[in-house]
Amino acid sequence: MGDQLSHNVSSLNGFDSAHDTVLMCEVRSEATSVKHHKKKIAFLFSAMRHFAAELEDKGFTVRYIQYDDPDNGGSFLSEIKRAVEALPIEKIVVTQPSEYRVQKSVKSWETQLGIPVEIRPDDRFLCPEETFRDWAEGRKNLRMEFFYRNMRRKYGILMEGDQPVGGKWNYDADNRKPPKSGLQIPPPFMVKPDAITVNVMALVARAFPSHFGTLDSFHFAVTRDQALKVLDHFVTYRLPVFGDYQDAMIEGEPWMYHSHLSFYLNCGLLEPLECVRAAENAYHSGHAPLNAAEGFIRQIIGWREYVRGIYALKMPGYVTENFLEAKRPLPDFYWTAETSMNCLKQCVVETRDNAYAHHIQRLMVLGNFALLAGIHPDHVNAWFLIVYADAFEWVELPNVSGMVLFADGGYLASKPYAAGGAYINRMSNYCKSCRYKVKEKSGEDACPFNYLYWDFLARNRDKIGNNHRLGMIYRSYDKMSPERKREIQTDSEKFLDHLKPAASEWVKDDA
Ligand code: FAD
Ligand code: DLZ
Ligand code: SF4
């Protein structure tokens, strides 16, 4: 499958090139389960085609079905059926798909085809599903920090005996520097599209014209060798500053000091442990400071594995969670970028152009607005699953429903990540060129985040009013005069009532 492009993926263990065939297929059902960003489809199809060619070079027999093959039936099952008819197949071997939707379908193959199907665990994750389940058992709420410490111990990463290197597990407090002017941000590592990628881009332009996003300036790595170069480039040029500016946002600087490795980790071109060891080595050799190496490593062995564990544990019910009973449809500007709120505009434009936005843009701008405005989790999840080239439901859903929307009632995160305009102003330069005034609290010109923040807290008090991490904030709200509270409510209602809902064509293919 398109996110199993690893030469050591479990389905290939024991592959016998004299008898076995690898089946790979570009199928409509996957490309349009939601209407993925054009760059995401081009990236995955090109990476799949390159991977198939590498396997053939190694002597594997590969049955590769291209998207516009006239006989392509359009789904995994149709293509397996065709393979079963064409070849003397005794058994199907598959690595467990990452998404629940596909897992469910694979489980029905044996009955549908009348052939044994062996589903092997995906051992590219560092924490097996059962280990996570054992750790989570009996806990009402989970906390990433404790899970992360176990992972550090288990893999001996940044450890001195049984103690963390430097004496602390977590250096996040050093990683919140606001952006300063004059930062020399290195350009991202760019791969020039080769003939395969150019071909795929033409196919995507032709076959998916109504999908979100542009194909211009496609520069993703599409092979393991290229992805290793992206890793090396990150460690050499960005990692030393990664920690300091991890939360910073600058207009016109979509890539900042982030690694841009999620695309390759999630589709299998890179392995999590090799990225982590590269950062650890950079620390030990004196190339990168501890706050940078630890911060980066925590994202991968901590957050990435943690959200995957929660997904495995909580599906299928996690999809329908809506603890705050949010109902509003997604505003149109998430697709068109037509909004006067400059922070949102910048983040949507960059998402459209790059199929990428870095974590704080996703969490504190795009996500924060969706939380404060009370957008329905289905709409927010669909958007995040569509627009990013690294988005697969196992990682997107816990981040959106758990981290951003508090839709799971606090299972993943201890409090909603809600913030007013002051946070965005501190961590970015977006407010300087915004039509709204970040310092104003009410009225036509006030930054909408400012009143929406308090309105969100007031609206949801029955659900989150007892959260001990919000106690101080609610006390500040209680000290406000009745007039001020009314003003917050009126400004918010007026603003929210004027939001134009998005058209549904962006999400689902009607054809
Ligand atoms: P870096 O900042 O360089 O981080 C290094 C690596 O750590 C990433 O490549 C990624 O593999 C991992 N990582 C960091 N944060 C997280 C996290 N919260 N959860 C899981 N892994 C993490 N990440 C995805 O891979 N796919 C998604 O669909 C996705 N959707 C998100 C939606 C929202 C609302 C939010 C708040 C976060 C989402 N993330 C998602 C997590 C994170 O934003 C991206 O992994 C990151 O921005 C990718 O860019 P990068 O490779 O430059 O990351
Ligand atoms: C995301 C995606 C897309 C757009 N297209 C394909 C495809 O044509 N063929 C394929 O094998 N995989 C694709 N993928 C990735 C799958 O959606 C992903 O492997 C499953 O959702 C994992 O459960
Ligand atoms: Fe965003 Fe408010 Fe700043 Fe405008 S003023 S950029 S809306 S935070």
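For ligands, and for the atoms within them, numbers begin at 1 and follow the listed sequence. Only heavy atoms go into these numbers, but all of them, side chains included; no hydrogens, no water, no symmetry mates.
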Glu280/Arg152 ion pair, N-O < 4.0 Å = no
So what's ligand 2 close to, N/O to N/O, under 3.5 Å?
residue: ligand 2; atom: 8 (O); partner: Val27; partner atom: N; Å: 2.8
residue: ligand 2; atom: 9 (N); partner: Cys25; partner atom: O; Å: 2.8
residue: ligand 2; atom: 11 (O); partner: Gly2; partner atom: N; Å: 3.0
residue: ligand 2; atom: 12 (N); partner: Gly2; partner atom: N; Å: 3.1
residue: ligand 2; atom: 17 (O); partner: Glu30; partner atom: OE1; Å: 2.5
residue: ligand 2; atom: 19 (O); partner: Asp3; partner atom: OD1; Å: 2.7
residue: ligand 2; atom: 21 (O); partner: Glu30; partner atom: OE1; Å: 3.4
residue: ligand 2; atom: 21 (O); partner: Glu99; partner atom: OE1; Å: 3.1
residue: ligand 2; atom: 21 (O); partner: Arg101; partner atom: NH2; Å: 3.4
residue: ligand 2; atom: 23 (O); partner: Ser98; partner atom: N; Å: 3.4
residue: ligand 2; atom: 23 (O); partner: Glu99; partner atom: N; Å: 3.0

Residues at least two apart in sequence or cross-chain that pass side chain to side chain contact (heavy atoms under 4.5 Å, CB included) with Pro254, listed by chain then number, are Glu350, Asn354
Please determine if Glu30 and Arg101 form a salt bridge, counting it only when a charged side-chain N lies under 4.0 Å from a carboxylate O.
-> yes
Could Glu274 and Arg224 be called an ion pair, given the rule that one side-chain N must be under 4.0 Å from one carboxylate O?
-> yes
For Tyr245, does its backbone N or O pair with a side-chain atom of Asn175 as donor and acceptor, under 3.5 Å?
-> no
Chi angles and distances behind the side chain to side chain donor-acceptor pair (under 3.5 Å) call for Arg298, Tyr171 = CA-CA 10 Å; Arg298 177 159 24 89; Tyr171 288 84; over 6 Å; no
Salt bridge flag under 4.0 Å for residues Asp390 and Lys40 = no
Lys/Arg-Asp/Glu bridge criterion (N-O < 4.0 Å) met for Glu26, Arg49 | yes
Salt-bridge contact Arg63-Glu79 (side-chain N to carboxylate O under 4.0 Å) | no
Cationic tip of Arg362 above Tyr388 ring, under 6.0 Å, 45° of axis = yes
Considering only NZ, NE, NH1 and NH2 on the basic side and carboxylate oxygens on the acidic side, decide whether Arg176 and Asp244 come within less than 4.0 Å.
-> no
Between Lys38 and Thr214, is any side-chain donor less than 3.5 angstrom from a side-chain acceptor?
-> no
Tell me, which residues have any heavy atom less than 4.0 Å from some atom of ligand 1?
-> Phe242, His258, Ser259, His260, Leu261, Ser262, Leu265, Asn266, Phe296, Gln299, Ile300, Trp303, Arg304, Val307, Tyr356, Ala357, His358, His359, Arg362, Leu363, Phe384, Asp390, Ala391, Val395, Glu396, Asn399, Val400, Met403, Val404
Tyr436 side chain reached by Phe449 side chain, heavy atoms, under 4.5 Å | no
Neighbouring protein N, O or S atoms of atom 3 (Fe) of ligand 3, below 2.8 Å | 1
